[in-house]
Amino acid sequence: MEKKVLRLLILALCATLPLVLVGCGSIAESRPMQASLINRDACELVVQPSELPASFDIAHLVKTDLSSDYFPESFHVHSDLSQLCVIDYEASQYSARILHLQSAILVYESEEQAKRALQEIVAQRQEMPETRGSVARLGDESYYSGFSLFGMFEFGTLQWRYGTVIAEITMRDSQEKPSAAQLERLARRVQKRLQ
């Protein structure tokens with residue numbers, strides 16, 4: 001029981017940090033993603049500032065490229081990555097409502113490697129107390145999850161695979177849980193660029 005609670009706390013901590021959720025799940029020492037995989041083409045595929053929900057204060061938007069801080073050793077299957085881009089958007093540092101949105105694109109060398117990677121990512125989150133589901137006709141397979149962290153933050157994550165690409169959108173809100181429908185609207189725009 002104590003081990004399960006500890007694991008939940010570790011996963012929750014990962015979700016609160018400005019790191020892509022797929023990079024969490026291991027406390028092992030890791031080194032940042034090698035620069036050769038941080039591909040500008042992949043960064044053109046993630047959610048763009050003009051596509052953010054109206055609740056984001058564009059005038060005070062803080063955009064951070066987290067690609068170089070990504071930790072691939074957290075999951076052994078990430079050794080098959082060929083391209084990567086992770087972008088984090090913070091709505092405003094001056095707002096009472098805390099909003100973050102993170103968009104990631106992970107490109108693998110083969111479709112089989114992408115399938116294995118997504119299954120491992122999803123498996124890491126199975127113990128979190130959350131709402132689960134999927135989005136119809138989004139890529140080849142999709143997974144939605146939503147959960148609360150100590151009543152302080154609400155999280156919603158949509159992950160999907162399209163061929164050799166895994167795309168992920170994670171939103172953190174201090175007021176309400178991001179729904180699958182909210183994330184789907186953003187995901188459809190990303191998917192259109194993937195096709």
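Only a predicted model underlies this, so the values are computations on that prediction, with no experimental measurement involved.
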Give, for atom [atom1] of [X] and atom [atom2] of [Y], the distance between the pair rounded to the nearest 0.5 Å.
X	Y	atom1	atom2	value
F153	H100	CZ	NE2	7.5 Å
F147	R132	CZ	CZ	11.0 Å
Y89	Q102	OH	CD	11.0 Å
D65	I87	CG	CD1	4.0 Å
S55	L99	OG	CG	5.0 Å
I121	T157	CD1	OG1	11.0 Å

| request: From the options T170, D173, L61, V47, select the one residue that forms a side chain to side chain contact (heavy atoms under 4.5 Å, CB included) with L101. | output: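 Considering T170, D173, L61, V47, a side chain to side chain contact (heavy atoms under 4.5 Å, CB included) with L101 is found only for V47.
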
| field | Reference residue S103; test side chain to side chain contact (heavy atoms under 4.5 Å, CB included); the match among L186, V46, D88 | value |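 Of the listed options, the one satisfying the test is V46.
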
| field | Step-by-step side chain to side chain contact (heavy atoms under 4.5 Å, CB included) determination, Q119 to E141 | value | CA-CA 10 Å; Q119 290 307 311; E141 54 183 317; 3.0 Å; yes

Is there a donor-acceptor pair closer than 3.5 Å between any side-chain N or O of [X] and the backbone N or O of [Y]?
X	Y	value
S67	V86	yes
Q182	S179	yes
S174	I98	yes
E184	A180	no

| request: Apply side chain to side chain contact (heavy atoms under 4.5 Å, CB included) to the pair R188 and V135, showing each step before the final yes or no. | output: CA-CA 10 Å; R188 295 288 177 198; V135 174; 3.5 Å; yes

I need the minimum non-hydrogen distance between [X] and [Y], along with the two atoms involved.
X	Y	result
S82	E109	CB-CG, 4.1 Å
P178	Y144	O-OH, 2.7 Å
S142	L138	CB-O, 3.9 Å
E44	Q48	O-NE2, 3.5 Å

| query | Should R161 and E111 count as an ion pair when the cut-off is N to O under 4.0 Å? | reply |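 E111 and R161: salt-bridged.
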
| said: Less than 4.0 angstrom from a charged side-chain N to a carboxylate O is my criterion; do E120 and K115 meet it? | reply: no

| query | Under 3.5 Å, is there a donor-acceptor pair between the E154 and S148 side chains? | reply | yes

| query | With distance as the sole criterion, is a donor-acceptor pair present between the side chains of W160 and E168 under 3.5 Å? | reply |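 There is no such pair between these side chains.
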
| message | Apply side chain to side chain contact (heavy atoms under 4.5 Å, CB included) to residues V190 and Y162 and explain how you reach the verdict. | response | CA-CA 11 Å; V190 173; Y162 181 69; over 6 Å; no

| request: Applying side-chain contact (heavy atoms from CB on, under 4.5 Å), name anything that partners V165, two or more places apart in sequence or on another chain. | output: I105, V107, L194

| query | So F155 and K177, side chain to side chain contact (heavy atoms under 4.5 Å, CB included) or not? Walk me through it. | reply | CA-CA 6 Å; F155 289 85; K177 184 178 294 181; over 6 Å; no

